[in-house]
A.B. asks: 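Below are the structure tokens for one structure; questions will follow.
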Amino acid sequence: AEYKIQAAGRETNLFYLKDDSRERIEKVNGQWSIVNSNLVFEEEEMLKELENYPDRFSPNVILRPVFQELILPNIAFIGGGGELAYWLELKNVFEAVGVPYPVLILRNSFMLVNKEAAQKMASLHLSITDFFKPTHEIVQQLVKQSSQLQLELTEEKKSLAALYDKIQKAAAAIDITLQQHTEALYTRANKKIEQLEKKMMLAEKKKFEAQQRQVEKLKDLLFPKNGLQERVDNLLPYYAKYGKTFIEDLYENSLGLQQEFSILTESA
């Protein structure tokens, strides 16, 4: 999978603050200019401005963590997955400016499964951990375990391989150059069998459209917008439903430094 860069830096990673405006600082032709303004500084003037008015300079997303750790040093920084991915990109920045880099700790994350969702999973003979797979894999698993028909041609493919092995030996005995040709024939035949397998699975899936819709709804409940619940759902509906015990349950099930994903299931 391709890694998504969390934050991209610039040559100058500062903003200039003045008169309720915050504009980016850029170096153009040896001078420092303030974007969307007529302000231009020679290098000596910019350094003097920085010395006399340090409050007019604001870090961007690249320098913010460095600034944070400079004025309020921490032994450790606790954050979510996205935050830690962002901080991991900044090790060289901390090293360049000589600011100690904190220990990074992944905070607790929870998945909340209500009793209706748990009952639906049970009726589909699926577990909560099954839903960490892509939707198409869950549906394929459901079809395989529910269908009474043969959906894979594993043994047939083994027989095909054995058959072509015999053909290859017979052909090679006549002319060694026929060996490569036989291998190509086998590759083509095996690919056709694999395509047939996919068509068999697709045809059988159509019989499970109702179950597929249920899987998709459950997947959206557990991973809304293909992300974690914490990135989409609000705390208030859970608090309104369960009361202050909801906060207590989160606290009691927090794993501290174990850094494992927690699943809370509503009791029946």
A.B. asks: Kindly check if the number of other-residue, nucleotide or ligand heavy atoms within 6.0 Å of CD (E116) is above 12?
C.D. replies: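 Atom CD in E116 is packed in, count exceeds 12.
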A.B. asks: Show the nearest heavy-atom pair for residues A117 and V113, with the distance to one decimal.
C.D. replies: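 Shortest heavy-atom contact: CB-CG1, 4.0 Å.
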A.B. asks: Looking at residues at least two apart in the chain, or sitting in another chain, which of them share a side-chain contact (heavy atoms from CB on, under 4.5 Å) with K133?
C.D. replies: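 With sequence neighbours excluded, K133 shows a side-chain contact (heavy atoms from CB on, under 4.5 Å) to D130, E137, I138, Q141, given in chain and number order.
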A.B. asks: Any side-chain heavy atom of Y164 within less than 4.5 Å of one from N190?
C.D. replies: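 No; the side chains remain at least 4.5 Å from each other.
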A.B. asks: For the backbone of Q168 and the side chain of Q179, can you confirm whether one donor and one acceptor N or O come within less than 3.5 Å of each other?
C.D. replies: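 Here the side-chain-to-backbone pair does not exist.
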A.B. asks: What residues, two or more places apart in sequence or in another chain, satisfy side-chain hydrogen bond (donor to acceptor under 3.5 Å, both in side chains) together with R213?
C.D. replies: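 Expected list: none.
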A.B. asks: According to the salt bridge (charged side-chain N to carboxylate O under 4.0 Å, His left out) rule, which pairs have a member within residues 239-263, sequence neighbours left out?
C.D. replies: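 For residues 239-263: K241-E266.
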A.B. asks: Report yes if some heavy atom in the side chain of L124 is under 4.5 Å from a heavy atom in the side chain of L218; otherwise report no.
C.D. replies: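 Of all side-chain heavy-atom pairs linking L218 with L124, at least one is under 4.5 Å.
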A.B. asks: Measure the OG1-CG distance between T135 and D220 for me, rounded to the nearest 0.5 Å.
C.D. replies: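 Separation between the atoms: 9.0 Å.
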A.B. asks: Look at the side-chain heavy atoms of Ile, Leu, Val, Met, Phe, Trp and Tyr, link any pair under 4.5 Å apart, and say whether L221 and V232 land in one connected group.
C.D. replies: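 Unlinked, L221 and V232 end up in two clusters.
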A.B. asks: Only pairs at least two apart or in different chains count here, so list each ring pair (Phe, Tyr, Trp, His ring centres under 6.0 Å) that has a residue in residues 211-236.
C.D. replies: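 Only F132-F223 qualify under ring pair (Phe, Tyr, Trp, His ring centres under 6.0 Å).
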A.B. asks: Would you call the rings of W87 and Y101 parallel, tilted or perpendicular, taking 30° and 60° as the class edges?
C.D. replies: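 Judged by the thresholds at 30° and 60°, the geometry between W87 and Y101 is tilted.
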A.B. asks: May I ask you to check whether over 12 heavy atoms, not counting those of D55, lie within 6.0 Å of atom CG?
C.D. replies: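 More than 12 heavy atoms, drawn from other residues, nucleotides or ligands, come within 6.0 Å of this atom.
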A.B. asks: Under a single-linkage rule joining Ile, Leu, Val, Met, Phe, Trp and Tyr whose side-chain heavy atoms are separated by less than 4.5 Å, which residues share a cluster with I174?
C.D. replies: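 Answer for I174: none, a lone residue.
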A.B. asks: If you apply the rule side chain to side chain contact (heavy atoms under 4.5 Å, CB included), what do you find for N74 with Q68, and how did you get there?
C.D. replies: CA-CA 9 Å; N74 292 293; Q68 172 183 313; 4.3 Å; yes
A.B. asks: Cluster question for you: counting only ILVMFWY and a side-chain heavy-atom cut-off of under 4.5 Å, with indirect links fine, are L104 and V61 together?
C.D. replies: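 In one cluster: yes.
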A.B. asks: Any ion pair linking E230 and R107 (charged N to carboxylate O, less than 4.0 Å)?
C.D. replies: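 So R107 pairs with E230 through a salt bridge.
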A.B. asks: Output all residues satisfying side-chain hydrogen bond (donor to acceptor under 3.5 Å, both in side chains) with N92, sequence neighbours left out; order by chain, then residue number.
C.D. replies: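 N92 satisfies side-chain hydrogen bond (donor to acceptor under 3.5 Å, both in side chains) with no other residue.
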A.B. asks: Can you tell me how far CG of L196 sits from CD of E194, rounded to the nearest 0.5 angstrom?
C.D. replies: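 Those atoms lie 11.0 Å apart.
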A.B. asks: Is there a side-chain contact between L185 and I167 (heavy atoms, below 4.5 Å)?
C.D. replies: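 L185 vs I167: side chains apart.
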A.B. asks: Are S127 and M121 close enough that some pair of their side-chain heavy atoms sits under 4.5 Å apart?
C.D. replies: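 In short, these two side chains do not touch, never coming nearer than 4.5 Å.
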A.B. asks: Anything under 3.5 Å between a donor and an acceptor, one on a side chain of residues 28-36, the other on a protein residue two or more places apart or in another chain? List them.
C.D. replies:
{"unit_1": "Q31", "atom_1": "NE2", "unit_2": "E42", "atom_2": "OE2", "d": "2.6"}
{"unit_1": "S33", "atom_1": "OG", "unit_2": "E26", "atom_2": "O", "d": "3.4"}
{"unit_1": "N36", "atom_1": "ND2", "unit_2": "E23", "atom_2": "OE1", "d": "3.1"}

A.B. asks: Taking only residues two or more places apart in sequence or in another chain, which ones pass ring-ring contact (aromatic ring centres under 6.0 Å, His included) with F67?
C.D. replies: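 With sequence neighbours excluded, F67 shows a ring-ring contact (aromatic ring centres under 6.0 Å, His included) to no residue whatsoever.
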A.B. asks: Could you list the residues that satisfy ring-ring contact (aromatic ring centres under 6.0 Å, His included) with F131, not counting sequence neighbours?
C.D. replies: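 Partners of F131 by the ring-ring contact (aromatic ring centres under 6.0 Å, His included) criterion come out as none, since no residue qualifies.
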A.B. asks: Tell me whether the rings of F57 and Y16 are parallel (<30°), tilted (30 to 60°) or perpendicular (>60°).
C.D. replies: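 Because their plane-to-plane angle is over 60°, the rings of F57 and Y16 count as perpendicular.
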A.B. asks: Rounded to the nearest 0.5 Å, how far does CG of N253 lie from CD1 of I263?
C.D. replies: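 It is 11.5 Å, given to the nearest 0.5 Å.
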A.B. asks: Are the charged groups of E11 and K27 less than 4.0 angstrom apart, N to O?
C.D. replies: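 So E11 does not pair with K27 through a salt bridge.
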A.B. asks: To the nearest 0.5 angstrom, please state how far the CG atom of N52 sits from the CD atom of E45.
C.D. replies: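 The distance works out to 12.0 Å.
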A.B. asks: Linking directly or through intermediates, with side-chain heavy atoms under 4.5 Å: list the remaining ILVMFWY members grouped with Y239, chain and number order.
C.D. replies: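 Y239 shares its hydrophobic cluster with F110, L112, L235, Y238, Y242, F246, I247, L250, L264.
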A.B. asks: Compare all side-chain heavy atoms of P65 with those of Y86 and state whether any distance is below 4.5 angstrom.
C.D. replies: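 They are in side-chain contact.
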A.B. asks: Give a yes or no on whether L70 and F15 share a hydrophobic cluster (residues Ile, Leu, Val, Met, Phe, Trp, Tyr; joining criterion: side-chain heavy atoms under 4.5 Å apart).
C.D. replies: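 No, L70 and F15 fall in different hydrophobic clusters.
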A.B. asks: When you compare the side chain of L17 with that of Y53, does any pair of heavy atoms fall below 4.5 Å?
C.D. replies: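 Not touching, per the 4.5 Å side-chain cut-off.
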A.B. asks: Any donor and acceptor pair, going by atom type alone, linking the side chain of E83 with main-chain N or O of L106 inside 3.5 Å?
C.D. replies: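 Checked: no pair found.
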A.B. asks: Distance check, rounded to the nearest 0.5 Å: T182 atom OG1 versus D165 atom CG?
C.D. replies: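 So the gap between those two atoms works out to 10.5 Å.
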A.B. asks: Can you list the residues that meet the side-chain hydrogen bond (donor to acceptor under 3.5 Å, both in side chains) rule with S254, with sequence neighbours excluded?
C.D. replies: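 Result, side-chain hydrogen bond (donor to acceptor under 3.5 Å, both in side chains) vs S254: N108.
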A.B. asks: For residues N234 and L236, report the shortest heavy-atom separation together with the two atoms involved.
C.D. replies: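 Taking every non-hydrogen atom into account, OD1-N, 2.8 Å.
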A.B. asks: Any side-chain heavy atom of L90 within less than 4.5 Å of one from V66?
C.D. replies: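 No; the side chains remain at least 4.5 Å from each other.
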A.B. asks: Can you measure from NZ (K144) to CG (L142) and round to the nearest 0.5 angstrom?
C.D. replies: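 So the gap between those two atoms works out to 12.0 Å.
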A.B. asks: Any chance the side chains of S21 and D19 put a donor and an acceptor closer than 3.5 Å?
C.D. replies: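 Result is no, nothing qualifies.
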A.B. asks: According to side-chain contact (heavy atoms from CB on, under 4.5 Å), who are the partners of R231, at least two apart in sequence or on a separate chain?
C.D. replies: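 Testing R231 for side-chain contact (heavy atoms from CB on, under 4.5 Å), a comparison that skips the adjacent residues, returns none.
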A.B. asks: Is it the case that more than 12 heavy atoms not belonging to I75 sit under 6.0 Å from its CD1 atom?
C.D. replies: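 Open.
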A.B. asks: Are V103 and I78 linked, directly or through other ILVMFWY residues, by side chains that come within less than 4.5 angstrom of each other?
C.D. replies: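 Linked within one cluster.
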A.B. asks: Mind checking whether Q211 and L126 have side chains closer than 4.5 Å, heavy atoms only?
C.D. replies: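 They are not in contact (no side-chain heavy atoms under 4.5 Å apart), so the answer is no.
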A.B. asks: Atom CD of residue position E44 - does it have more than 12 heavy atoms of other residues, nucleotides or ligands inside 6.0 Å?
C.D. replies: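 No, not enclosed.
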A.B. asks: Might you point out which heavy atoms bring L63 and P59 nearest each other, and give the distance in Å?
C.D. replies: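 Heavy atoms only, the tightest pair is CB-CB, 3.6 Å.
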